[in-house]
There are 2 protein chains.
Amino acid sequence: MSKILPSVDEYIPHLAYDSVIFGFNGEQLKILILEYHNTGLFALPGGFVRQNENLDDAVKRGLKERTGLDNIYLEQFHTFGDLSRPDPDVMRTILEANDHEVEEGNWLLDRFISVAYYALINYNSVEPKPDELSDSINWYAVDKLPPLMMDHGKIVEKALETLRNNLEKKLVGMNLLPSKFTMKELQLVYEAVLGEKLRRTTFQRKILGLDILKRHEKLFTGAAHKAPYLYSFKNKAPIEHQEHA
Amino acid sequence: MSKILPSVDEYIPHLAYDSVIFGFNGEQLKILILEYHNTGLFALPGGFVRQNENLDDAVKRGLKERTGLDNIYLEQFHTFGDLSRPDPDVMRTILEANDHEVEEGNWLLDRFISVAYYALINYNSVEPKPDELSDSINWYAVDKLPPLMMDHGKIVEKALETLRNNLEKKLVGMNLLPSKFTMKELQLVYEAVLGEKLRRTTFQRKILGLDILKRHEKLFTGAAHKAPYLYSFKNKAPIEHQEHA
DNA sequence: TATTATTGTCTCATTTTGTTACAATAATAC
DNA sequence: GTATTATTGTAACAAAATGAGACAATAATA
């Protein structure tokens with residue numbers, strides 16, 4: 001065995017998490033997808049929960065390892081627990097492609113229940129790092145994802161659905177944009193999440209009416225037109241988790 | 001040992017579910033709470049997941065055992081995975097009060113991650129049955145719950161919050177009322193869930209505007225006033241789970 | 001037959017949202 | 001400089017949704 005696999009003693013068996021990490025590149029909504037060595041398999045970044053750590057903390061630990069970011073907006077959205085979801089053959093393929101010998105009965109081949117989270121991060125503040133088993137980790141536009149292994153496609157769907165539902169009440173834009181941004185950029189985030197065009201004047205009036213933005217200096221891009229204002233959220237720093245008080 | 005405990009071989013270790021079962025008695029929103037023998041401990045009905053059954057099916061099985069109902073509206077809303085949530089002392093108390101000898105290391109004393117669901121049922125169609133470990137199972141108004149053990153109070157809070165958020169889009173009323181009901185009853189459901197009074201005329205206009213109700217004969221209660229119409233949801237039978245196609 | 005409580009509906013005021021219009025710019029072309 | 005171009009910020013009006021009150025139509029009962 002060439003590399004060290006996670007051991008069953010350290011982790012809770014049958015329990016995993018998967019994360020849908022959203023970023024916005026100025027035009028499109030994107031997701032971080034990793035590809036396993038020599039398998040052509042694409043998957044969501046995920047991991048396991050240590051015996052002595054909170055579920056939420058396990059996910060934060062995984063995100064930190066992959067993105068280097070510490071204070072990430074994170075929201076749990078669903079737990080996937082169907083018998084049909086895990087696929088031991090897929091798992092075996094991944095392990096064997098990494099030169100792990102896999103004995104029958106290895107805990108990684110068992111049934112897994114997965115708790116799914118989505119994260120919102122600032123696209124530009126991150127240089128994603130692959131983990132030991134995976135080749136690469138890259139951004140993919142949500143409408144141009146490669147075929148994902150197991151039920152990861154469904155997980156992404158549900159994440160998008162939840163994100164859409166939370167768009168208004170959770171100030172999603174705050175976490176996908178840099179601290180200063182134009183109204184146009186904010187609108188593009190909304191459009192990318194909702195998957196539909198919005199009317200400029202109505203959007204602007206509505207957002208300004210919420211009284212959550214602070215206006216700053218103008219942004220001179222060098223383009224031949226009126227320079228837009230920059231805004232930031234009044235509500236200070238991007239918030240990691242708007243939790244029940 | 002006087003009774004048979006669930007065995008670790010049959011179930012997935014460290015994984016449980018809890019259910020918040022809502023009912024509406026015509027006035028108040030209520031929840032089914034069970035009380036364990038000789039302990040004074042109140043808890044949500046919950047259970048474990050068999051090695052070879054879907055997570056959702058485990059919950060349905062538990063609900064069926066407790067309510068006798070088969071086709072229950074069920075929605076998963078959160079997974080609770082903090083280290084601090086399980087309390088081995090509480091679990092031991094419950095088991096010992098039922099004359100179970102509890103050896104150190106029994107799986108039931110381990111850490112548990114719990115997937116929480118809420119269910120909506122027709123209050124009158126049910127005669128709740130206690131399980132083997134519990135004394136009684138009873139309806140409690142959501143604003144008059146006894147103190148619940150462990151983190152079950154938080155679970156109820158989150159369930160209510162989710163129910164409120166889903167009220168509009170999931171046709172909650174459909175599952176909490178009998179098949180025919182008056183406009184007033186429907187309004188009472190909305191008020192109970194939202195925790196606030198609604199304006200009668202506005203409510204009526206809005207609901208009728210949704211074009212989801214079918215009007216039937218009048219209901220003569222014997223009261224000294226105009227008899228209200230009975231309505232039913234056009235959308236036929238109460239739906240078990242409005243799932244992603 | 002008058003009284004009472006409640007229901008169904010209408011009307012008008014208020015608020016919110018949709019839509020169009022237009023002035024104010026920051027470049028660039030001349 | 002001055003006209004041109006693309007975009008932005010905001011105002012103005014129309015349309016739609018919601019809030020609030022009024023009122024006629026009952027099923028009993030007194």
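Numbered from 1 within each chain, the chains take letters A, B, ... in sequence-line order.
Residues B:Asp211 and B:Lys234 are paired through a salt bridge, judged by an N-O separation under 4.0 Å between the basic side chain and the carboxylate. Comment: B:Glu168 engages B:Lys206 in a salt bridge, judged by a side-chain N to carboxylate O separation of less than 4.0 angstrom.
Rounded to a whole Å, the NE2 atom of A:His225 is 14 Å from the P atom of C:dA29. Nucleotide D:dT10 holds its P atom 9 Å from the CE atom of A:Met183, rounded to whole Å. A straight line from CD of B:Glu185 to C1' of C:dT6 spans 14 Å, rounded to a whole angstrom. D:dA17 atom C1' lies 13 Å from atom CG of B:Leu210, rounded to whole Å. Rounded to whole angstrom, the span from the CZ atom of B:Phe203 across to the P atom of C:dG8 amounts to 12 Å. For the pair B:Gln187 CD and C:dT7 C1', the computed distance is 12 Å after rounding to whole Å. Distance, A:Arg205 CZ to D:dC13 P: 14 Å, rounded to whole Å. The separation between B:Gln204 atom CD and C:dT7 atom P is 9 Å, rounded to whole Å.
A:Lys206 comes within 4.0 angstrom of nothing in the nucleic acid, heavy atoms only. Contact annotation for A:Thr182: no contact, since no heavy-atom pair falls under 4.0 Å across all strands.
Counting only N and O atoms by type, the side chains of B:Thr79 and A:Thr79 include a donor and acceptor under 3.5 Å apart. A:Thr162 and A:His78 are not linked by any side-chain donor-acceptor pair at a separation below 3.5 angstrom, with hydrogens and angles left out of the test.
For B:Tyr231, counting side-chain heavy atoms from C-beta on, the closest listed nucleotide (C:dT7, D:dA6, C:dG8) is C:dG8. The side chain of A:Thr201 has C:dA21 as its nearest neighbour among D:dG9, C:dT9, C:dA21.
Taking only distance into account, the side chain of A:Lys226 meets the base of D:dT8 through a donor-acceptor pair shorter than 3.5 Å.
Side-chain nitrogen and oxygen atoms of B:Arg200 include none within less than 4.0 Å of the OP1 or OP2 phosphate oxygen of C:dT6. Between B:Arg199 and D:dG19 there is no side-chain N or O to OP1 or OP2 distance below 4.0 Å.
Position along DNA chain C of the nearest nucleotide to B:Tyr229 versus B:Ala224 favours B:Ala224 as the more 5'-ward residue.
With a cut-off of 3.5 Å on both pairing distances, the Watson-Crick or G-U wobble partner of D:dA28 is C:dT3.
In this structure, B:Tyr118 and B:Phe77 have tilted ring planes: the angle between them lies in the 30° to 60° band. Using bins of under 30°, 30° to 60° and over 60° for the plane-to-plane angle, the ring pair A:Phe181/A:Phe233 lands in the tilted bin.
Cation-pi contact between A:Arg215 and A:Tyr229: present, with separation from the ring centre below 6.0 Å and deviation from the ring axis of at most 45°.
Within residues 212-222 of chain A, the residues having any heavy atom closer than 4.0 Å to DNA chain D are, in order of number, A:Arg215.
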